[in-house]
Amino acid sequence: MDVRVRFAPSPTGYLHVGGLRTALYNYLFAKKHGGKCILRIEDTDRTRFVENATENLIENLRWAGIEFDESLEKEGEFGPYIQSERFDLYTKYGKELLEKDLAYYAFDTSEELEAMRERLKQEGGSFKYDRNKMRNSITLGKEEAEKLIAAGEDYVIRMKVPEEGEVRFKDIIRGEVKVPCKDVDDQILLKSDGFPTYHLANVVDDHFMQISHVIRGEEWLPSTPKHVLLYQFFGWDTPDFAHLPLLLNEKKAKLSKRHGDVAVEDFRAKGYLRDAFVNFIALLGWNPTGDREIYSMQELIDLFDLSKVNKAGAVFDLKKLAWMNQQYLKELPTSEAVPVLKAELEKHEVTGLEDNYIAQVFELFKERVTFISEIPEMTSYLYTEPTEFDEKYMAKRWKEDTADMVKPLIEKLSQLEEFTHDSTHDLTKAHCEEADVKMGQLMHPLRLMLTGISSGAGMFDTMALIGKDRCIKRFETFLAKKESGEI
RNA sequence: GGUCCUAUCGACUAACGGUUAGGUCACCAGCCUUUCACGCUGGCAGUGGGGGUUCGAAUCCCCCUAGGAUCACCA
């Protein structure tokens, strides 16, 4: 059988990380089996139309490295790939069900349905549609129903779930699932505006697009019996199902927009690296070996195994994501980092630096940060002379005699022709041996005078980056301030 | 409340009847070191409970408990 899978999001205006994981697994599965991965937009809810939502979706998926074999932008032979343009299909198959007596008209208003649910709640038990007590073509009779429709009354079409028996289906991840028919609701198939609900549209489209495997989130598991029944009603083959474990927040509830970031673009904006993010998402619910964390997209494809995906939900841990990002940041080619860092520096009004200089800054700081965006702030002393000096650091490292100890070294440094990491290092080392002081005794005061803070890259690298003239000037300024008692 | 799903360190996971239950994040300690990081080494920490099946159970079955999802003219 040809593998054909689809990612079928509704255009809500953003791509949820759970959606990205679903799209990714569909993609990995298709690639692994040499099949096709399809993108279908499910926009049957007219009330939720969002401008540019589809473009946003596609753009974010593309960023993640997920390319579809068939989509709105790349039509295959099973289009259209957006449900609002497949309207007639759903009408046709809704009608077919009506003719087969596997569906019926219902005229209940939302108030009447509300009242029914309230009543059912009082009685205890389920809240499913009470077919025999409501206003529909079963209680009213076909003729009366047609009269109402002719008179212009609003109606929906509901599926007629058998009263006896049970629905069974195989889930690749969970095994066999069974649900008694009496617990399956008479789902609305066609709404009063004539548009289909997800359930009808999804089944019809999956059938005609020849989808072989339905890979989606676990939230769809409870409605899958309805879908299976629909396949049976139509006499169509049922695809294989795989319901992915939910992505959870710290409280172990479904990750939702209410708490923190869930949109892929939020993570992008924060500066997460594409490969790191995708790697992390891929490992939520599955790990190919258990003794490795870093995998390329190609490795994920080669190793992907749907049947080994976890059943239990996975908590989305930002700390591990941060670690993952750092791992990728360390390996990021400097040429790719430079434009990003340059833009970040511009946000801090640092401009006019040579690419080569920015590259050196990145090299020195990539192992000290999670995001490139953190670099400008922690390297501000490279661009402007420090005016504040960490008091704790000063108290700890600047003693009575420090000025006198440091002056001879500064004098020697100022004589240096070549001011590089090696030359300053060699000179300082020789000086320390000669003067019989430990390197640390001088390194800290130098750092204090030059940067004002206690952390940063190696001192000799830092000096080389600041340059001889600026270094000497900062030493002198600091010493003068010390002498005048300003600091 | 009905239905369905789920249950290995705090978190992500490996072990698909036989391992001293492994790896990673986080945390702690040490090493490295001119600081901060990185890195390295070590440590803490887990099969929810009870019954079965079996020579042997994290793994298979049942019950309990706990969590979650779902029950819209949303997807």
Side-chain angles (χ1 to χ4, degrees), chain A residues 8-12 42-45 47-48 106 108-110 113 117 120-129 154-158 171 173-174 177-180 182-185 187-193 195-199 201-202 217-225 243 245-246 248 250-254 280 283-294 307-308 310-324 326 330 364-369 378 393 397 425 428 432 438-448 451 453-460 462:
Chain A
S10 60
T12 53
E42 311 225 326
D43 63 339
T44 55
D45 186 359
T47 64
R48 280 219 231 166
D108 317 282
T109 64
S110 53
L113 289 168
R117 290 192 192 102
L120 260 21
K121 199 173 175 181
Q122 299 299 322
E123 292 171 5
S126 74
F127 309 148
K128 59 175 278 210
Y129 184 74
D154 273 354
Y155 67 93
V156 298
I157 293 173
R158 288 181 179 269
D171 185 288
I173 295 170
R174 286 150 216 286
V177 180
K178 299 182 267 194
V179 182
K182 67 172 176 54
D183 292 321
V184 180
D185 202 359
Q187 183 65 50
I188 289 176
L189 263 17
L190 287 163
K191 302 181 256 187
S192 55
D193 63 3
F195 274 80
T197 57
Y198 169 90
H199 310 278
N202 199 261
E218 191 190 333
E219 67 269 27
W220 292 107
L221 199 49
S223 53
T224 303
H243 288 93
L246 257 19
L248 275 21
E250 325 67 61
K251 289 176 191 145
K252 301 218 177 227
K254 192 167 139 185
F280 176 76
L283 263 31
L284 251 26
W286 166 71
N287 188 305
T289 62
D291 60 3
R292 255 178 80 190
E293 304 294 324
I294 308 296
S307 68
K308 289 190 118 183
N310 253 267
K311 298 176 180 67
V315 174
F316 192 95
D317 181 15
L318 285 169
K319 284 202 178 130
K320 189 157 182 178
L321 209 209
W323 170 81
M324 185 76 81
Q326 198 176 15
K330 284 195 296 185
L364 250 24
F365 284 87
K366 64 180 180 182
E367 289 186 353
R368 291 163 221 269
V369 296
M378 68 194 298
Y393 191 39
R397 300 295 187 178
H425 170 269
T428 307
C432 287
K438 283 186 200 153
M439 292 272 274
Q441 280 178 279
L442 291 179
M443 291 296 91
H444 290 290
L446 287 189
R447 180 178 296 282
L448 176 66
T451 75
I453 55 175
S454 64
S455 66
M459 205 58 249
F460 301 110
T462 305

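Residue numbers begin at 1 in each chain, while the letters A, B, ... track the order of the sequences.
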C1' atoms of B:rG49 and B:rU8, separation to the nearest Å: 15 Å
First and last nucleotide of RNA chain B in contact with chain A, 5' to 3', at under 4.0 Å to a heavy atom: what are they? B:rG1 to B:rA75
Remember a base hit wins even if backbone is also touched, and classify A:Lys438 as base, sugar-phosphate or nothing at under 4.0 Å, heavy atoms. nothing
With rounding to whole Å, what would you report as the distance between B:rG10 and B:rC5 at their P atoms? 27 Å
Which heavy-atom pair separates A:Val315 from A:Leu284 by the least distance, and what is that distance? O-CD1, 4.2 Å
Return the nucleotide paired to B:rU41: Watson-Crick means purine N1 to pyrimidine N3 with N6-O4 or O6-N4, wobble means G-U with N1-O2 and O6-N3, both under 3.5 Å. B:rA29
Just checking A:Asp171: base, sugar-phosphate only, or nothing, at a heavy-atom cut-off of under 4.0 Å? nothing
Reckon A:Gly458 touches a base, only the sugar-phosphate, or nothing at all at heavy-atom distances under 4.0 Å? base
For the pair A:Lys320 (side chain) and A:Phe280 (backbone), establish whether a donor and an acceptor sit closer than 3.5 Å, ignoring hydrogens and angles. no
Across all strands, who's sitting opposite B:rU54 as a Watson-Crick or G-U wobble pair, both distances under 3.5 Å? none
Quantified in whole Å, what is the C1' atom distance between nucleotide B:rC12 and nucleotide B:rA45? 15 Å
Return the minimal non-hydrogen interatomic distance between A:Leu364 and A:Ala457, and the atom names on each side. CG-CB, 3.7 Å
What nucleic acid atoms does A:Phe280 come within less than 4.0 Å of, heavy atoms only: base, sugar-phosphate, or nothing? nothing
For A:Thr47, which contact category applies under a 4.0 Å heavy-atom criterion: base, sugar-phosphate, or nothing? nothing
The Watson-Crick or G-U wobble partner of B:rU70, with both key distances under 3.5 Å, is B:rG2
Report which part of the nucleic acid A:Arg117 touches: base, sugar-phosphate, or nothing (heavy-atom distance under 4.0 Å, all strands). sugar-phosphate
Partners passing ring pair (Phe, Tyr, Trp, His ring centres under 6.0 Å) against A:Tyr129 (at least two apart in sequence or in another chain): none
Closest contact, heavy atoms only, A:Ile173 versus A:Lys311: O-CE, 3.5 Å
For nucleotides B:rU24 and B:rU59, find the distance between their P atoms and express it as a whole number of Å. 26 Å
With a non-hydrogen cut-off below 4.0 angstrom, is A:Ala457 in contact with a base, only sugar-phosphate, or nothing? base
Nearest heavy atom decides the nucleotide; on that basis, is A:Val177 or A:Leu190 closer to the 5' end of RNA chain B? A:Val177
Could you check which nucleotide pairs with B:rU19 in any of the strands shown, counting Watson-Crick or G-U wobble with both distances under 3.5 Å? none
Report which part of the nucleic acid A:Lys254 touches: base, sugar-phosphate, or nothing (heavy-atom distance under 4.0 Å, all strands). sugar-phosphate
Compare every heavy atom of A:Lys128 with every heavy atom of A:Leu120, then report the nearest pair and how far apart it is. CD2-O, 3.3 Å
Minimum heavy-atom separation for A:Val184 and A:Pro225, please, with both atom names. CG2-CB, 4.0 Å
Quick one: label A:Asn310 by what it contacts on the DNA or RNA (base, sugar-phosphate, nothing), any heavy atom closer than 4.0 Å. sugar-phosphate
Classify A:Lys121 by what it touches in the nucleic acid, base, sugar-phosphate, or nothing, heavy-atom distance under 4.0 Å. nothing
Could you report the tightest heavy-atom contact between A:Gly285 and A:Pro245, atom names first, then the distance? CA-CG, 4.3 Å
Spacing of the P atoms in B:rA26 and B:rA21 (rounded, Å): 26 Å
Could you tell me whether A:Arg174 contacts a base, only the sugar-phosphate backbone, or nothing, with contacts defined as non-hydrogen atoms closer than 4.0 Å? sugar-phosphate
If the P atom of B:rU20 is compared with that of B:rA29, how far apart are they to the nearest Å? 32 Å
Take atom P in B:rC44 and the same atom in B:rG22, then report the distance between them in whole Å. 11 Å
Under 4.0 Å, heavy atoms only, any strand: does A:Glu42 hit a base, just the sugar-phosphate, or nothing? sugar-phosphate
Nearest-nucleotide check on RNA chain B, A:Tyr393 vs A:Leu321; residue mapping nearer the 5' end is A:Leu321
May I ask you to say what A:Thr289 touches in the nucleic acid, namely base, sugar-phosphate or nothing, with a heavy-atom cut-off under 4.0 Å? sugar-phosphate
Expressed in whole Å, how much space separates the P atoms belonging to B:rA58 and B:rU19? 9 Å
Heavy-atom donor-acceptor pair, A:Arg48 side chain to A:Thr12 backbone, under 3.5 Å: no
Need one value for A:Ser10: base, sugar-phosphate or nothing, where a base atom within 4.0 Å counts as base even if backbone is also close, heavy atoms only. sugar-phosphate
Under a 3.5 Å limit on both distances, the Watson-Crick or wobble mate of B:rA7 is B:rU65
